[in-house]
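Since we're looking at a predicted model, the values are computed, not measured.
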Amino acid sequence: MEVDEVDENFDDSFDPSVFQDLLPIYYRRLFPFSLYYKWLRYDDDKQFTNREFSFTLRDDVYIRYQSFKDDEEMKKEVLQRCPVKIDIGSVYNFRPSEQRTASNFHPLTKELAFDIDMTDYDEVRTCCSGADICKKCWPLMTVALKILDRALREDFGFKHLLWVYSGRRGIHCWVCDKQARELTPAARTAIVEYLSLVKGGEFKSKKVYLPETLHPSIKEAHKIIDSYFEDLMLTKQCILDSQENCEKVISMCLDNNAKEYMKNEFGNCQNSKSKWEKIQDIDSIAMHQKTASKSNRNKHFIMEVMLQLCYPRLDINVSKGLHHLLKAPFSVHPKTGRVCVPIDVDKVDEFDPFKIPTISSLCREIDKYDATVREKNESGNGEDVAKVEDYNKTSLSSSIKLFRNFVKNLSSDFDQ
Ligand SMILES: [Zn+2]
């Protein structure tokens, strides 16, 4: 990351040294325990009581198999332990807290979960790497969300998808439909494979091979990528500015004439956009020549490049089985202080990870609100401060509202 970008993105409202001091306030006044209970109990108390939670305490002490009778008990335990991180695991056949004495203790159900992490995009972003994100690469997450959201709803018929910002460099999706929660590991693996297109490790140059006849899901994914591609990959990422990336794209081509054409033409191009325009010529050249130069193997070359650059890169281990735990929504990321808030799919283009409230900014907002009300009370024209829910005093209120709507939609299904 460039030095001048650090200033722009650096969140000065969060000081990691105060994290431990603010956590008890956050859990006591802001964490939505009762909505959590409504969410995770679904239509049956056992779904909640037999659910595993794990806590990461300060100094990296990790305790698994926590389980709670209800939201009251969960809140009590969380306040007592004050975990720096809460993870959610599966629903078991016994209460996880009693797993030592239970025989044949095993997981029964779990949301189908997806984890997309920007670190898996390092080979297709030019702006930053590793845990860093910026405004130039974040739209890769937007594209990934839109592609997966569409596929999960339209191809699989799932309705209850909770998208959450991971607090730092990625996004999670919790598919909460009953059919999704009851999927076997084999069925989960099949779904993940259906949704994995970019294959092969670091040293493989061509990672997307499309068959001659395209699956409708691929066409839909391509449509979404196409609407972002120029701005994201050419203008923001300038993906073809470097010689190295040009060579990578050329090596993905399976047609020698087209390869030669790109090698010759790229040298005359000023920027990524003009190089991409040359790539578009490949189709028309092949069409005019009506020769074998546009062989079937290379039929979808342009689409393959676009998909390789922008199709979602999933952490498949999170989705495959029932044993993987995933960070709980509304946790606070200990490094950034940002809250893992739900993402409104209808407004995903507006989602800005750098504007997400931090634990420090939220505590300040509560203090400020309370101070203003106190002043008004003292002057005799105030309202009673206790009447307002704490989250409504802060910028977390819209996230809580989104979460409440999600839970409401979920439970409306049980009433039918
Ligand atoms: Zn970036």
Side-chain angles (χ1 to χ4, degrees), residues 6-39 55 57-58 70-86 135 162 164-168 327-344 346-347 350-408:
V6 173
D7 286 332
E8 189 194 338
N9 295 328
F10 181 66
D11 189 353
D12 63 355
S13 62
F14 181 63
D15 170 4
S17 64
V18 298
F19 181 61
Q20 287 291 341
D21 300 333
L22 298 181
L23 263 182
I25 304 172
Y26 177 76
Y27 285 135
R28 187 162 49 84
R29 302 185 68 171
L30 292 168
F31 192 89
F33 290 101
S34 66
L35 279 175
Y36 243 79
Y37 179 61
K38 279 187 190 131
W39 167 31
F55 290 169
L57 307 181
R58 59 193 305 177
D70 53 23
D71 49 333
E72 294 283 313
E73 193 177 276
M74 182 180 175
K75 185 171 183 174
K76 207 175 121 212
E77 280 296 310
V78 168
L79 280 174
Q80 199 176 358
R81 302 254 196 190
C82 236
V84 293
K85 186 165 165 258
I86 302 174
K135 285 171 184 161
L162 180 65
V164 183
Y165 171 50
S166 74
R168 194 178 198 185
K327 182 161 4 125
F330 290 97
S331 291
V332 180
H333 197 290
K335 292 259 165 40
T336 61
R338 291 187 206 126
V339 180
C340 305
V341 292
I343 300 172
D344 187 345
D346 295 331
K347 294 180 185 161
E350 295 157 36
F351 185 86
D352 180 350
F354 298 106
K355 291 194 177 137
I356 293 311
T358 65
I359 189 169
S360 333
S361 70
L362 291 171
C363 290
R364 275 201 303 270
E365 283 172 351
I366 292 186
D367 286 347
K368 198 176 162 197
Y369 185 98
D370 290 354
T372 312
V373 173
R374 248 192 325 271
E375 268 170 35
K376 279 185 185 168
N377 278 344
E378 279 159 14
S379 62
N381 58 355
E383 50 189 305
D384 185 356
V385 69
K387 280 181 189 160
V388 179
E389 293 277 4
D390 280 328
Y391 63 80
N392 275 334
K393 301 170 182 172
T394 72
S395 44
L396 201 62
S397 63
S398 58
S399 305
I400 299 274
K401 198 174 157 198
L402 198 60
F403 187 42
R404 180 178 297 119
N405 279 340
F406 167 77
V407 173
K408 198 175 139 204

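In this structure, W39 and P32 have side chains that are not in contact, with every pair of non-hydrogen atoms separated by 4.5 Å or more. Proximity of M74 to Y37: side-chain heavy atoms (C-beta onward) are nowhere separated by under 4.5 Å. Between I366 and L30 there is a side-chain heavy-atom pair separated by less than 4.5 Å. Using a 4.5 Å heavy-atom threshold, the side chains of F403 and V164 count as separate. Counting heavy atoms from C-beta outward, V332 and F19 have side chains that approach closer than 4.5 Å.
The line from CG of L22 to CZ of R364 is 9.5 Å long, rounded to the nearest 0.5 Å. Rounding to the nearest 0.5 Å places OG1 of T394 at 11.0 Å from CD of E389. To the nearest 0.5 Å, the span separating CZ on F31 from CG on D71 amounts to 11.0 Å. For the atom pair CZ of F330 and OG of S399, the computed distance is 5.5 Å after rounding to the nearest 0.5 Å. Atom OG in S361 sits 13.5 Å away from atom NZ in K355 (nearest 0.5 Å). With values rounded to the nearest 0.5 angstrom, Y27 atom OH is found 13.0 Å from R81 atom CZ.
Side-chain atoms of S331 do not come within 3.5 Å of backbone N or O of K85 as any donor-acceptor pair. Side chain of Y26 to main chain of R29: no donor-acceptor pair is present (N/O by atom type, distance under 3.5 Å, no hydrogens or angles).
Of all heavy-atom pairs spanning P357 and S395, the tightest one is CB-OG, 3.7 Å. Nearest heavy atom pair, residue K327 against residue H333, reads NZ-CD2, 3.4 Å. The minimum heavy-atom distance between P83 and L23, with the atom names listed, is O-CD1, 3.6 Å. Minimum heavy-atom separation, D344 to L402: N-CD2, 3.5 Å. Counting all heavy atoms, side chain and backbone alike, R338 lies closest to Y165 at NH1-OH, 2.8 Å. Between Y36 and A328, the closest heavy-atom pair is OH-CB, 3.0 Å.
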Worksheet item: Should T358 and T336 be marked as a side chain to side chain contact (heavy atoms under 4.5 Å, CB included) after you check the CA-CA gap, both sets of side-chain angles, and the distance that decides it?
Response: CA-CA 8 Å; T358 65; T336 61; over 6 Å; no
Item to complete: Determine, step by step, whether L79 and F33 satisfy the side chain to side chain contact (heavy atoms under 4.5 Å, CB included) criterion, reporting the C-alpha distance in whole Å, the side-chain angles of both residues, the deciding distance to 0.1 Å, and the verdict.
Response: CA-CA 11 Å; L79 280 174; F33 290 101; 5.7 Å; no
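The pair K393-D390 meets the salt-bridge criterion, with a side-chain N (NZ, NE, NH1 or NH2) lying under 4.0 Å from an Asp/Glu carboxylate O.
Annotation for Q20: atom CD counts as buried by contact number, over 12 foreign heavy atoms lying within 6.0 Å.
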